[in-house]
Amino acid sequence: MRTIRAALSLLALSPLVSTAHAQQSRLLVAEKGAQSLAIVDPASGSVLASVPERGITGHEVIASRDGKVAFVPIYGNSGVGKPGTDGQNIVVIDIATHKVMGNIAFDHGVRPHCPLIGPKDGLLYVTTELDKTITIIDPKTLKIIGAIPTGQPQSHMFVLSHDGRRAYTANVGPGTVSVIDVHARKVLKIIPISANTQRISISLDDKWVFTADQTKPQMAVINTATNAVAKWIAMEGIGYGAAPTPDGRWLLVALPDQNKVAVIDLKSMQVTRTVAVGAYPQEVLVRPDGKAAYISCEHANQVDEIDTAIWTVTRTIPTGKLADGLAWAAAK
C-alpha cells in the first residue's frame, strides 16, 4: 500500500516537475562553425543540446519573450561585404524539445543577420542586409509583415530604444550609423563614424549609443538627443560586441585581438579595467540579474562567464566550433 501511495504521489508531482524543467532559463549560443544552436543550462554550465540549423549558417540568435522559441537567421557562408552565399531564411527552434519547429522564408537572398524582439510590440525585427532594410515579422504566425529602410548598405547589427520608437543600425562598410523612426519606417539621420564600424549597443536610459571604430582602438559615443558623436572612448584594442549592465553603470566591450573584455565606466566614459578571456571574443551578453556576463570566444570554441562582482572569469563553457551570437531565453 505504501508503495502504491508513493507511486501515485510521484505521478501527481511529475507534471509539476516537467513544467518547472520546461520553464528554466537557457543560454543560447550560435555555433557558427557547426551550423547549429547550442542550448545551455546556465546553472550547470552544460550544453543540453546542439540543434542543427539545416542551413549555412546562423551567426546570431534571439529568444521569444516567453523564452520558448529561438529565432536563428541563416546569414550565409561569408563575412559582411564579402562574396559568398546569400541566406534567405530564419530557422525557428523549440527550446524545450531541442527541435526545429518552423521556418521563415524570404523570396530571395537577403543575408538576414541580427534579430531582436520589439520591447513594446513583441514583433521580431531582423536586419536584411542585402535589401538595406530591417524586416518586421510576426513571431506568432511567422509571417513577414513589413520592412524599414536603413538608407545604407551593410546594415549588419542594430539596437532598439527601450520604448521601441528608435532603431540604430551599424552600417559596416560605409562606417555609419542610421537613426530610424520605427513607427514611421523612415531614416531620420545618417551619422558618419569612420571608414568601418562594427556592432552597436545602447545605454539603459537610451541617452547613448555605442559603436566600435574598426580603424582605431576607440568607441564612438553617440548622443541620441543630437544624433551626433559626442565623444570617443580610447581602448587597448579594436572593439567589437558590447553590452551594458542592468544597473546602467558599466559597458562591457569585447576586444578580439587582445583576448580581453574592456569594462567602461558609463559615468566617466573611460575604461576602468580589462578582463582576460578566451581567444577572439565576439559578443557580450549580460545576465538579466547583472551578476554574470557571458562572452562568446570564437577561436576558443567556448563561452566564458565573468563574475561582475569580482571581474574574473569563473567558468568556461565548451561549445561547438566558432561560438558567436548569444541570447537569453528567460523563464516565464
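Owing to the predicted nature of the structure, the values given are computational and were not obtained by experimental measurement. Just so you know, these numbers use all the heavy atoms, side chains as well, and skip hydrogens, waters and symmetry mates.
Between Asp307 and Thr314, the side chains place no donor N or O within less than 3.5 Å of an acceptor N or O (distance only, hydrogens not considered). With 3.5 Å as the limit, one finds no donor-acceptor pair spanning the side chains of Thr169 and Thr150. Side-chain atoms of Asn77 and Thr85 form a donor-acceptor pair, as typed in the model, at a separation below 3.5 Å. Counted by atom type alone, Thr215 and Asn196 present zero donor-acceptor pairs between their side chains at under 3.5 Å. With no hydrogens or angles considered, a side-chain donor-acceptor pair links Gln218 and Asp213 at under 3.5 Å. Residues His162 and Asp206 bring a donor and an acceptor atom of their side chains to less than 3.5 Å of each other. Between the side chains of Thr211 and Thr197, a donor-acceptor pair is found at a separation under 3.5 Å. Side-chain atoms of Asn171 and Thr176 form a donor-acceptor pair, as typed in the model, at a separation below 3.5 Å. Judged purely by distance below 3.5 Å, without hydrogens or angles, the side chains of Thr128 and Asp131 never pair a donor atom with an acceptor atom. Between Ser36 and Glu31, the side chains place a donor N or O and an acceptor N or O closer than 3.5 Å (distance only, hydrogens not considered).
The heavy-atom pair separating Ile264 from Met235 by the smallest distance is CD1-SD, 4.4 Å. Taking all atoms of both residues into account, the shortest heavy-atom contact from Gly81 to Glu129 is N-OE2, 4.1 Å. Minimum heavy-atom separation, Pro112 to Ile90: CB-CG1, 4.5 Å. Taking every heavy atom of both residues into account, Val253 and Tyr240 meet most closely at CG1-N, 4.0 Å. For the residue pair Val187 and Pro149, the shortest heavy atom distance occurs at CG2-O, 3.4 Å. When all heavy atoms of Ala242 and Ser201 are compared, the closest pair comes out as O-CB, 3.6 Å.
Annotation: side chain of Phe158 is in contact with side chain of Leu116 (closest heavy-atom distance under 4.5 Å). When side chains are defined from C-beta on, Lys321 does not count as touching Gln35, because their heavy atoms never get closer than 4.5 Å. Residues Ile295 and Leu285 form no side-chain contact, since every pair of their non-hydrogen atoms from C-beta on lies 4.5 Å or further apart. Here the side chains of Thr245 and Leu252 are in contact, with some heavy-atom distance below 4.5 Å. Residues Met269 and Lys231 have side chains in contact (heavy-atom distance under 4.5 Å, counting atoms from C-beta outward). Side-chain atoms of Ile190 and Val179, non-hydrogen and from C-beta on, never get closer than 4.5 Å to each other. Contact annotation: the side chain of Val40 approaches that of Val29 to within less than 4.5 Å [non-hydrogen atoms, C-beta and beyond]. Looking at heavy atoms from C-beta onward, Ile202 lies out of side-chain contact with Phe210 at the 4.5 angstrom threshold.
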Output, in order, the C-alpha distance, side-chain angles, deciding distance and verdict of salt bridge (Lys or Arg N to Asp or Glu O under 4.0 Å) for Arg26 and Asp41. CA-CA 5 Å; Arg26 297 291 181 241; Asp41 177 359; 3.6 Å; yes
Do Arg287 and Asp289 pass the salt bridge (Lys or Arg N to Asp or Glu O under 4.0 Å) test, and can you show the C-alpha distance, the side-chain angles, and the key distance before you say yes or no? CA-CA 5 Å; Arg287 205 165 64 196; Asp289 64 10; 3.0 Å; yes
Dump the intermediate steps for salt bridge (Lys or Arg N to Asp or Glu O under 4.0 Å) on Asp163 and Lys120, then the final yes or no. CA-CA 7 Å; Asp163 61 7; Lys120 298 298 183 181; over 6 Å; no
Pair Val271, Met219 - check side chain to side chain contact (heavy atoms under 4.5 Å, CB included), show working. CA-CA 10 Å; Val271 176; Met219 179 74 75; over 6 Å; no
So Arg111 and Asp86, salt bridge (Lys or Arg N to Asp or Glu O under 4.0 Å) or not? Walk me through it. CA-CA 5 Å; Arg111 294 195 178 187; Asp86 301 329; 2.8 Å; yes
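Linking Ile, Leu, Val, Met, Phe, Trp and Tyr whenever their side-chain heavy atoms come within less than 4.5 Å puts Ile222 and Tyr168 in one cluster. Under a hydrophobic clustering in which Ile, Leu, Val, Met, Phe, Trp and Tyr are joined whenever their side-chain heavy atoms come within less than 4.5 Å, directly or via other members, Val92 and Ile95 fall into different clusters. When the side chains of ILVMFWY residues are joined at heavy-atom separations under 4.5 Å, either directly or via intervening members, Leu27 and Val47 end up in a single hydrophobic cluster. Cluster membership check: Ile145 shares its hydrophobic cluster with Ile148, using side-chain heavy-atom separations under 4.5 Å among Ile, Leu, Val, Met, Phe, Trp and Tyr.
Within the 3.5 Å criterion, the main-chain N or O of Ala228 finds no donor-acceptor partner in the side chain of Asn223. Of the possible polar contacts, one joining the Glu53 side chain to the Gly58 backbone as a donor-acceptor pair under 3.5 Å is found. Using a distance-only test at 3.5 Å, with no hydrogens or angles considered, no donor-acceptor pair links the side chain of Ser296 to the main chain of Gly325. With hydrogens and angles disregarded, no donor-acceptor distance shorter than 3.5 Å links the side chain of Lys143 to the backbone of Ile137. With hydrogens and angles disregarded, no donor-acceptor distance shorter than 3.5 Å links the side chain of Asp181 to the backbone of Lys186.
Between Tyr75 and His156, a ring centre-to-centre spacing shorter than 6.0 Å is recorded.
Between Trp328 and Tyr294, the ring planes are parallel. Angles under 30° get that label, and only those over 60° would be called perpendicular.
A salt bridge does not link Lys68 with Asp94: every distance from a Lys NZ or Arg NE/NH1/NH2 to an Asp or Glu carboxylate oxygen is 4.0 Å or more. Remark: Glu60 engages Arg199 in a salt bridge, criterion side-chain N to carboxylate O under 4.0 Å.
In this structure, Lys216 forms no cation-pi arrangement with Trp232, as its terminal cationic atom is not both closer than 6.0 Å to the ring centre and no more than 45° off the ring axis.
Dense packing is recorded around CZ of Arg273, with more than 12 heavy atoms of other residues, nucleotides or ligands lying under 6.0 Å away. Annotation for Arg165: atom CZ does not count as buried by contact number, only 12 or fewer foreign heavy atoms lying within 6.0 Å.
The distance from the SG atom of Cys297 to the CD atom of Glu283 is 12.0 Å, given to the nearest 0.5 Å. Of the inter-residue distances, the one linking Ile117 atom CD1 with Leu123 atom CG reads 8.5 Å to the nearest 0.5 angstrom.
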